[in-house]
Amino acid sequence: MRDRLDSDIKTRVTPLDDLKVERAGHDCLVIIYSSDPRMFGKRHVLTGDPVLLGRGSDNTLVLENDSVSRRHARIEKRGRSFYVLDLDSTNGTYVNDVLVTDYQLRRGDQVKVGDTILKFLSGSDMEAQYHETIYRMTIMDGLTGVNNKRYLLETLEREIPRARRHQRPLTLVMFDIDRFKDINDTFGHLAGDYVLKDLAQLVKARLRPDDVIGRYGGEEFSVILPETSLSGGAKIADDLRERIATHRFEFENESISVTVSLGVAQLQDGQDVLKFIKDADEKLYVAKRSGRNRVES
């Protein structure tokens, strides 16, 4: 099934390597997030023909995911504009996190169908937008809008030598969502995606300009705190814990209770990037085993 699916996608979506200069100026959809990493960066150039999105093999864009209906949505051109229409899908079609039924797409809009997010690029500088989008995908997590694991590792590669050179403390916080599987099982995967994004933005808003947050993987996140001691990092971590526990997460009129467990570690002599992360991660799992919704430092 996966091999056939990938073959279907490749015949319908323009891969990054096939980007053609003569297509400059054409509106397009770029896949910026999907549970299938093979789809990242692929684009579909929009013409006058309708584009069907869904799980069925007869769609223009085949999106193989349980949260996608067989015929989920359609992109169609009216005059000079493109519109997205929901086709009475089970889980709905979202644009910029808002449920829509018939919506005129504007430059930069993000269309979410199931677990796939497509960005609408439009205008005479479409090629520049495309390359900027692809670049951002190398450092940003498409779902949550914060940095990705690659960027976190590269940042630590820079910050560790800097902290040692200037004899400044460097602290790392690793945290993940308690019982995240229960949230997905109870409210659905779209609600789980919403929680990940809302939580990431909540944490980002609390941090200082030089702090770095990223999604390490799944429901696990990391926060790099330059020039911050272990005790200072623990205070920030506990503030994040409390903010998340008291925040109102609400998806489609359903209130979702969310807590996190956090591990805090300060850089020690002899630690490289992986050992530093392992130190914080081990403390995170101590917090998990000790009852969750707590900080271990």
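From a predicted model like this one, the values you see are computed outputs, not experimental measurements.
Under 4.0 Å is where a charged nitrogen must lie from a carboxylate oxygen, and between Asp239 and Arg206 at least one such pair does. Electrostatic pairing of Arg71 and Asp86 does not count as a salt bridge here, judged by no charged N lying under 4.0 Å from a carboxylate O. Taking a cutoff of 4.0 Å between a charged side-chain nitrogen and a carboxylate oxygen, Arg158 and Glu154 do not qualify as a salt bridge. Under a 4.0 Å N-O distance rule, the pair Asp193/Lys112 qualifies as a salt bridge. With salt bridges taken as basic N to acidic carboxylate O contacts below 4.0 Å, one links Glu127 and Arg43.
The CG atom of Asp198 sits 9.0 Å away from the CG atom of Asp97 when rounded to the nearest 0.5 Å. Between atom CG of residue Leu63 and atom OG of residue Ser34 there is a gap of 7.5 Å, rounded to the nearest 0.5 Å. Taking OG1 of Thr171 as the start and CD1 of Ile236 as the end, the distance is 8.5 Å to the nearest 0.5 Å. Taking CD1 of Ile32 as the reference point, atom CG of Leu143 lies at 9.5 Å (rounded to 0.5 Å). The structure places CG of Asp141 at 14.0 Å from CZ of Arg150, a figure rounded to the nearest 0.5 Å. Taking CG of Leu99 as the reference point, atom OG of Ser89 lies at 8.0 Å (rounded to 0.5 Å).
Other residues, nucleotides and ligands contribute only 12 or fewer heavy atoms inside 6.0 Å of the CG atom of Asp66. More than 12 heavy atoms of other shown residues, nucleotides or ligands fall within 6.0 angstrom of atom CZ in Arg164.
Residues Val264 and Gly233 come closest through the heavy atom pair CG1-C, 4.0 Å. The minimum heavy-atom distance linking Gly41 with Val30 is given by the pair O-CG1, 4.1 Å. Residues Glu159 and Pro226 come closest through the heavy atom pair OE1-CB, 4.0 Å. Nearest heavy atoms, Lys77 versus Thr47: CD-O, 4.1 Å. Across all their heavy atoms, Leu152 and Ile224 have their closest contact at O-CD1, 3.8 Å. Considering all non-hydrogen atoms of both residues, Val113 and Val68 come closest at O-CG2, 3.9 Å.
Here Asp211 pairs with Arg208 under the side chain to side chain donor-acceptor pair (under 3.5 Å) rule; sequence neighbours left out. Scored by the side chain to side chain donor-acceptor pair (under 3.5 Å) test, Lys119 finds no partners at all (sequence neighbours excluded). Every residue two or more places apart in sequence or in another chain was checked for a side chain to side chain donor-acceptor pair (under 3.5 Å) with Glu227, and none qualifies. Under the rule for a ring-ring contact (aromatic ring centres under 6.0 Å, His included), Phe276 has no partner lying at least two apart in sequence or in another chain. Residues that satisfy the salt bridge (charged side-chain N to carboxylate O under 4.0 Å, His left out) test with Asp115, not counting sequence neighbours, are absent from this structure. Arg248 is linked by a side chain to side chain donor-acceptor pair (under 3.5 Å) to Glu250, counting only residues two or more places apart in sequence or in another chain. Remark: Asp178 pairs with Lys288 by the salt bridge (charged side-chain N to carboxylate O under 4.0 Å, His left out) rule, at least two apart or across chains. Taking Lys275 as the reference, Gln271, Asp272 meet the side-chain contact (heavy atoms from CB on, under 4.5 Å) condition, with sequence neighbours excluded.
Grouping the Ile, Leu, Val, Met, Phe, Trp and Tyr side chains by contacts below 4.5 angstrom, directly or via other members, places Ile134 apart from Met140. When the side chains of ILVMFWY residues are joined at heavy-atom separations under 4.5 Å, either directly or via intervening members, Leu284 and Leu274 end up in two distinct hydrophobic clusters.
With hydrogens and angles ignored, the 3.5 Å screen pairs a side-chain donor or acceptor of Asn148 with a backbone N or O of Tyr151. Gln201 places a side-chain N or O within donor-acceptor distance of the main-chain N or O of Thr144, the cut-off being under 3.5 Å. Asp238 contributes no side-chain N or O that, together with a main-chain N or O of Lys235, makes up a donor-acceptor pair within less than 3.5 Å.
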Go through it in stages, so that I can follow the logic: the residues are Leu196 and Arg215, the test is side-chain contact (heavy atoms from CB on, under 4.5 Å), and I'd like the CA-CA distance, side-chain angles, deciding distance and then a yes or no. CA-CA 9 Å; Leu196 288 169; Arg215 186 181 179 191; 3.6 Å; yes
Please test Leu118 against Leu61 for side-chain contact (heavy atoms from CB on, under 4.5 Å), starting from the C-alpha separation and ending with a verdict. CA-CA 11 Å; Leu118 306 100; Leu61 294 179; 4.0 Å; yes
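Pairs passing the ring-ring contact (aromatic ring centres under 6.0 Å, His included) check and including a residue from residues 160-216, sequence neighbours excluded, read Phe175-Phe221, Tyr194-Phe251.
When side chains are defined from C-beta on, Ile183 counts as touching Ile256, because their heavy atoms get closer than 4.5 Å. For the pair Gln266 and Ser229, the minimum side-chain heavy-atom distance is below 4.5 Å. Annotation: side chain of Asp102 is not in contact with side chain of Val100 (no heavy-atom distance under 4.5 Å).
In the hydrophobic clustering, where aliphatic and aromatic side chains (Ile, Leu, Val, Met, Phe, Trp, Tyr) are joined below 4.5 Å either directly or transitively, Tyr83 groups with Leu85. Through direct or indirect side-chain contacts shorter than 4.5 Å among Ile, Leu, Val, Met, Phe, Trp and Tyr, Leu52 is connected to Leu87.
Of the listed residues (Leu121, Val111, Asp27), just one forms a side-chain contact (heavy atoms from CB on, under 4.5 Å) with Leu105, and that residue is Val111.
No cation-pi contact links Arg107 to Phe120, judged by a cut-off of 6.0 Å to the six-membered ring centre and 45° from its axis. For the pair Arg106 and Tyr103, the cation sits on the ring face: its NZ or CZ lies under 6.0 Å from the ring centre, inside 45° of the axis.
Judged by distance alone, the side chains of His72 and Asn91 never bring a donor and an acceptor atom under 3.5 Å apart.
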For residues 289-297, run the donor-acceptor check on the side chains, cut-off 3.5 Å, and write out each pair with its distance to 0.1 Å, sequence neighbours left out.
| from | atom 1 | to | atom 2 | distance (Å) |
| --- | --- | --- | --- | --- |
| Ser290 | OG | Val286 | O | 2.7 |
| Asn293 | OD1 | Arg241 | NH1 | 3.3 |

